[in-house]
Amino acid sequence: MVLQAIKYERGSLKLLDQRRLPLEETWVSVDSVQTAWSAIKDMVVRGAPAIAIAAALALAAQLVASEAGLQISSAKEAAKHVKEELKYLVTSRPTAVNLSDAAHKLCAVAEKAASASGADASAVIDAVVESCEAMLEADVLANRALGKHGVEGLHKALQARTKTKDKLQLLTHCNTGSLATAEYGTALGVIRATAEAGKLERAYCTETRPYNQGARLTAYELVHDGLPATLICDSMAAALMAEGRVDAVVVGADRVAANGDTANKIGTYSLAVLASFHNIPFFVAAPTTTLDAKLAGGSDITIEHRPANELTHFQGRQVAPDGIDVWNPCFDVTPAKLIEGIITEKGLLPKKNGVFDVPAFMQSQDSSQNGAHQSGAENMNGVNGHAAPGIQSQIPGFQALDTETVKDYLAERKELAAHVGPSNTKSDWQVQEVGDGNINYVYVVKGPKGAVCLKQGLPFVRIAQDWPLTQDRVRYEADALREQHRLCPEHVPAVYHFDARNALIVMQYLPPPHVILRKSITQGGIYPKLAGHIAHFLAQTLFKTSLLALTSTDYRALAERFRNGDMCRLTEQVIFTDPYYAAPVNSHNPHIDDLACALRSDEEAKIAVSHLKAKFMERGQALLHGDMHTGSLMVTQDTTYAIDAEFAMYGPIAFDVGKFMANLLLAFFALDGHCTAADTRTHQRAWLYQAVVDVWQLFKAEFLQLWGEQGHKGDAYPAPLFGDAVPQGQQALKAAQHAFMAELFADALKFGGAVMIRRIVGIAHVDDFKDIQDEAVRGVCEARALRFGRRLLLVSFDDVQAVVQAAEKQRHDGKKPCHDLS
């Protein structure tokens, strides 16, 4: 169980006295702001986040215990009282930006409550107390989110240095755990998260002179949690690094300036210099409340100095001679250029040319600027499946919906409510957020008359919310779904409504037993009709939006509608660029480190994928779905629907075809990792093998049939050149068709190979592999798929049978597991 150092009930606050640790566990009652000020100044409580939480809860406890709401005459006077108390609290630790940030937010809460119509003192006090209490829960959630991002950041930093280790040795300084925060911790939270992921070999903590927070507090927490840990003197860090016993350094922060310069406990700067010399990644772990965009750089940070007796005395006994001068700064400043990454609950701050742009990062975040009620961790992941509130959208009037407001939205629009039930029954409607993709939020709303699906696009990538993303993608998706539904209604859900201002679509609900295809495949699902359905969808939508079926005028008009530049660039980046260098968003299984590192220096693969990228950008043949994978399909045994068309664009026909074939192959290679002795999934393996063949062959047959029936309408191969009335026109058409399909097949395989590579070593891995519990087994399966993806990218195949035969041969690499095909 993680250590707890703050105990709060409404009207009562107790703090674990950190001065008496580790030998004595004593709790101090904090019943007033004055007591809290002393507790902070005397270091009963310490650590920037914990100081802020303790100050806020002390204020709340005092306001409740004194019945301030009844004692103060007006709302205005209540707000004034709150602000005066907060101003006083801030003077207890001026360096800690979290404290001043919390005070600023609580002052804003008080002012807002006081300005409300009919407000009295009790209303102001209640609002402030509730906001103080919300900060406690928010800090815990934020710390856990920060820890998760830290684990990912450490892994990427070591990958970039081509260092591959199953378990890490981490060095930290001072105390940044439950004793420095509400609970769990920042830098120590990263260590805890590393341990929870099974990746911690050992934690090293410095004693942290002169106040020994590391020896007294961090060591106490590590022992309390049962983590493998070693205590060292501050001066031993260099020797430890020289012996190769430190893989990364993770420290906390009291304040981070606009350029990334970081103030932290004295001795932090020394560790950063040592880490730089030994080529060890040095990370700062700090909640976004620690970021101070108002300070240009480290020289603007106020450094507090502590009393001389902290150096001249030890446990009350003098250890230095009288008359010696003492210099005892509490903090030092580490320059940004020595910091590998700054980890927050929102993710890692981007670093360009050795500099962090804190103001830009803060501006891009979706955290509410009003929000003592709002959790940073909530903004990362949504609250109970809700889209995060307070989103900073570029669309005027934009409202991010959640499971409550989505009902209001539908009920206000009769044509939409008609699909669910009368508006006056909305309290009985059931709403569930079901989005499991990487980009958007998806709500299913059910009522007495039926159900709808509402999909909303926020101004960022859902799985990487520090990655801004255009909300105009929703317009493209709505337009594409309508166009593809017109062309192939049996495999595309109907769109009922598109709202540009709120970046949302309301569409046909696909009821059970419809499931996401990828999920079902990982659970053993087999769908004999799938290949035929997908081949039909691809043939109908790709042929009928190409110059084979359209006049050049109609083609240009349609292509102009689907420029979708931002999503095109995202595709170009994550598929054709990022996997081939140490991109910050990349990640992979440590068991395939050697293959991932080799790919980054693979000249042949880089040339091939760059050529393919150029073809993707330059060849706008038809309207693509753009994200044609098993996670973008809902299926039953008799039906298949293509959803999630936000990547719709004009591009190479081969891209959609190849992407879907690649996802079948990913499932094929992952299957060995899902087998058990009782179920080797023989029938499912044979189905996937054949589905790859059938998709291509059925698509090719239907595409050529459409060409034969409707090709005379298009401007690409016009009747005056290839019609029946032209001498040898049919012979020329057959030759043209043969060449077209041969090139399409070759390109589809290359696109498929690039997709397979991206899904293993880039961003957004697939559940086919992620759901394999044994990391080593997953590594075996991923290595096979990665090698085969590279082969598709570089090697030509005569036909689709040769492709699946080669895939089956790739499985038989002499490693376990490998189950028979039949």
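Any value given below was found using the heavy atoms of this structure, including those in side chains, with hydrogens, waters and symmetry copies removed. We're numbering straight along the sequence, starting at 1.
At least one side-chain heavy atom of Arg518 sits less than 4.5 Å from a side-chain heavy atom of Asp768. Side-chain contact between Leu671 and Leu688 is present, with at least one heavy-atom pair separated by less than 4.5 Å.
Side-chain contact check for Asp724 and Gln730: at least one donor-acceptor pair (N or O, by modelled atom type) lies under 3.5 Å. Between the side chains of Thr577 and Lys613, a donor-acceptor pair is found at a separation under 3.5 Å. Between the side chains of His625 and Asp627, no donor-acceptor pair is found at a separation under 3.5 Å. Between the side chains of Tyr527 and Ser520, at least one donor N or O sits under 3.5 Å from an acceptor N or O.
Note on ring orientation: taking the six-membered ring where Trp is involved, the planes of Phe655 and Phe751 are perpendicular (angle over 60°, cut-offs 30° and 60°). Ring geometry, Phe788 versus Phe669: the interplanar angle falls from 30° to 60°, so the pair is classed tilted. Classification of the Phe740-Phe703 ring pair by plane angle, with boundaries at 30° and 60°, yields parallel.
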Any chance you could lay out the salt bridge (Lys or Arg N to Asp or Glu O under 4.0 Å) test for Arg486 and Glu483, step after step, and finish with the verdict?
CA-CA 5 Å; Arg486 181 182 69 81; Glu483 184 66 21; 2.4 Å; yes

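Salt-bridge formation is not detected for the pair Asp578/Arg758: no Lys NZ or Arg NE/NH1/NH2 atom is positioned less than 4.0 Å from an Asp or Glu carboxylate oxygen. Classification of Lys519 and Asp771 as a salt-bridged pair fails, no side-chain N sitting under 4.0 Å from a carboxylate O. With respect to the salt-bridge test (charged N to carboxylate O, under 4.0 angstrom), the residues Asp767 and Lys770 qualify. Note on Glu775 versus Arg778: salt bridge recorded, some NZ/NE/NH1/NH2 to OD/OE distance being below 4.0 Å. A salt bridge is defined here as a Lys NZ or Arg NE, NH1 or NH2 lying under 4.0 Å from an Asp or Glu carboxylate O, and Asp672 with Arg811 meets this definition. Ion pairing between Lys615 and Glu618 fails under the 4.0 Å rule for side-chain N and carboxylate O. A salt bridge does not link Lys659 with Asp656: every distance from a Lys NZ or Arg NE/NH1/NH2 to an Asp or Glu carboxylate oxygen is 4.0 Å or more. For the pair Glu743 and Arg619, the salt-bridge criterion is met [side-chain N within less than 4.0 Å of a carboxylate O]. Ion pairing between a basic and an acidic side chain is recognised when a charged N comes within 4.0 Å of a carboxylate O; Asp566 and Arg569 show such pairing.
The line from CG of Asn589 to CD of Glu782 is 5.0 Å long, rounded to the nearest 0.5 Å.
Across every non-hydrogen atom of Ala478 and Ile505, the tightest pair is N-CD1, 3.7 Å. The two residues Arg685 and Thr680 come nearest to each other via the heavy atoms NH1-O, 3.1 Å.
Two rings, from Trp707 and Phe543, have their centers 6.0 Å or more apart.
Using a distance-only test at 3.5 Å, with no hydrogens or angles considered, a donor-acceptor pair links the side chain of Arg161 to the main chain of Ala157.
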